[in-house]
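For reference, the structure is listed below as structure tokens.
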Amino acid sequence: MNVVIEHLSKRFGEKPVLRDVGFTFESGKIYGLLGRNGAGKTTLFNCLNRDINADGGSFYLEEGGVRRAVQAGDIGYVLSTPAVPEFLTGREFLKFFLDINPPQEPKSIDGYFDDMRIAPDDRDKLLKDYSHGMKNKMQMLVNIIAEPNILLLDEPLTSLDVVVAEEMKQLLRTLKNGRITIFSTHLLDLALDLCDEIVLLNHGVLEQVDKSNLDSREFKEKILAALQEDSHE
């Protein structure tokens, strides 16, 4: 299964953000979408999720030579700022989500909490009292339960502590098979550590970066030079 993007464009007023985006993302890989802050990574995600309309171009799922439109149920979207109903407890929120999105092989609610390493004492707390990292875990959990074909991750690890960030990275590695994972970040070292492929959003277009020399100084300098050039545009 692939996600194919062709000639996608988006501008805000006179400013072009996505100019002519074309790329094919393959199932079973974690792609690091690398770009400076403001490069258009979130705009690209919002177009794919249809939260905003692209000005031109198209994207679709392709499997076995057959193309079809990307549906709402195909996409899971984890925001950089967690969006959870803070008036519910963690358990109430999870039960509500499972009731409307029953998985094919359900677990107990506590089983899901165990998977995300959310402590028993925290499961019946209001979500408004959760830390940023715990809210992010809940956001990730419901997206995992939904089993989307495409998982969009908009800088979800940037503000997490080291332990939680490592837990999330391990989780993403175990979940990559059978889906397309696109991980947006402006941190090069994080992308190199977690991702199978690196894609650079530069001047409003996507460019895959060869990772064969990822340990070399030249490799990092090439990416950093592109990001600095983009930031001066």
Side-chain angles (χ1 to χ4, degrees), residues 25-37 39 41-42 45 75-84 86 90-91 93-94 97 103 107-125 127-148 150-201 209 211-217 219-220 223-224 227:
F25 294 96
E26 300 175 1
S27 180
K29 293 182 179 180
I30 300 175
Y31 288 86
L33 177 60
L34 194 66
R36 67 176 180 86
N37 287 329
K41 303 185 299 295
T42 299
F45 279 2
I75 294 183
Y77 193 176
V78 178
L79 306 173
S80 55
T81 301
V84 294
E86 298 194 337
R91 188 181 300 277
F93 174 46
L94 187 53
F97 188 84
K107 300 180 182 180
S108 69
I109 289 178
D110 285 305
Y112 287 113
F113 280 127
D114 289 342
D115 289 346
M116 297 302 291
R117 298 186 183 179
I118 294 176
D121 289 347
D122 293 324
R123 299 173 188 182
D124 293 296
K125 289 182 180 178
L127 290 172
K128 73 179 182 67
D129 296 325
Y130 276 27
S131 67
H132 182 99
M134 288 173 61
K135 289 178 182 177
N136 225 327
K137 282 187 174 185
M138 291 299 297
Q139 188 181 211
M140 185 75 75
L141 176 56
V142 295
N143 276 279
I144 291 167
I145 291 170
E147 298 183 332
I150 308 163
L151 184 57
L152 306 177
L153 306 167
D154 193 0
E155 307 209 32
L157 308 185
T158 304
S159 59
L160 302 185
D161 65 54
V162 174
V163 174
V164 175
E166 283 301 319
E167 290 176 354
M168 299 287 270
K169 285 193 287 185
Q170 289 299 327
L171 178 65
L172 291 171
R173 292 185 183 108
T174 64
L175 293 172
K176 69 179 183 178
N177 291 333
R179 66 172 46 91
I180 296 154
T181 304
I182 309 175
F183 183 94
S184 162
T185 183
H186 62 279
L187 302 177
L188 175 58
D189 288 340
L190 175 59
L192 293 176
D193 178 45
L194 175 63
C195 302
D196 302 299
E197 305 284 351
I198 301 295
V199 184
L200 182 64
L201 183 56
V209 182
K211 284 186 66 178
S212 60
N213 297 314
L214 61 86
D215 291 324
S216 71
R217 180 181 296 273
F219 174 82
K220 292 187 177 182
I223 297 178
L224 291 173
L227 297 180

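Please read these numbers as outputs of a predicted model, since none were measured by experiment.
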Worksheet entry | Closest non-hydrogen atom pair between Gly28 and Asp196, with its separation | O-OD2, 4.3 Å
Discussion item. I need the Leu171 CG to Met140 CE distance, nearest 0.5 Å.
Written reply: 6.5 Å
Worksheet item: Between the side chain of Tyr31 and the main-chain N/O of Glu26, is any donor-acceptor distance below 3.5 Å?
Response: yes
Practice prompt. May I ask you to test the Thr185-Leu34 pair for a side-chain heavy-atom distance under 4.5 Å?
Written response: yes
Discussion item. Tell me the closest heavy-atom pair linking Met138 and Phe113, and the distance in Å.
Written reply: SD-CE2, 3.8 Å
Discussion item. Are the side chains of Gln139 and Tyr77 in contact, using a 4.5 Å heavy-atom criterion?
Written reply: no
Worksheet item: Quick one: does Phe25's side chain get under 4.5 Å of Val199's, heavy atoms only?
Response: yes
Discussion item. Looking at every heavy atom in both Gly90 and Tyr130, which two are closest together, and how far apart are they?
Written reply: CA-OH, 3.5 Å
Worksheet entry | Single hit among Lys135, Lys128, Lys125 for salt bridge (Lys or Arg N to Asp or Glu O under 4.0 Å) with Glu86 | Lys135
Worksheet, complete the sentence: Distance col, row Leu153:CG vs Leu194:CG, nearest 0.5 angstrom, shows 8.5 Å
Worksheet item: Ignoring hydrogens and geometry, is there a side-chain-to-backbone donor-acceptor pair from Arg179 to Glu147 under 3.5 Å?
Response: no
Discussion item. Could you measure the distance from the CG atom of Leu33 to the CG atom of Leu200? Nearest 0.5 Å is fine.
Written reply: 8.5 Å
Practice prompt. To the nearest 0.5 angstrom, please state how far the CZ atom of Arg117 sits from the CG atom of Asp122.
Written response: 15.0 Å
Worksheet item: Any side-chain heavy atom of Phe93 sitting closer than 4.5 Å to one from Val142?
Response: yes
Worksheet item: Of Asp114, Ile109, Leu94, which is the lone residue that meets side-chain contact (heavy atoms from CB on, under 4.5 Å) with Arg123?
Response: Asp114
Worksheet entry | Working for side chain to side chain contact (heavy atoms under 4.5 Å, CB included), residues Ile182 and Phe45 | CA-CA 9 Å; Ile182 309 175; Phe45 279 2; 3.7 Å; yes
Worksheet item: Hey, are the side chains of Ile75 and Pro148 touching, using non-hydrogen atoms and a 4.5 Å cut-off?
Response: no
Worksheet entry | Pairwise side-chain contact, Thr42 with Glu155, heavy-atom cut-off 4.5 Å (strictly under) | no
Worksheet item: Quick one: NZ on Lys137 to CG on Asp115, what's the gap to the nearest 0.5 Å?
Response: 11.0 Å
Worksheet item: Atom CD in Gln170, atom CG in Leu172: separation rounded to 0.5 Å?
Response: 9.5 Å
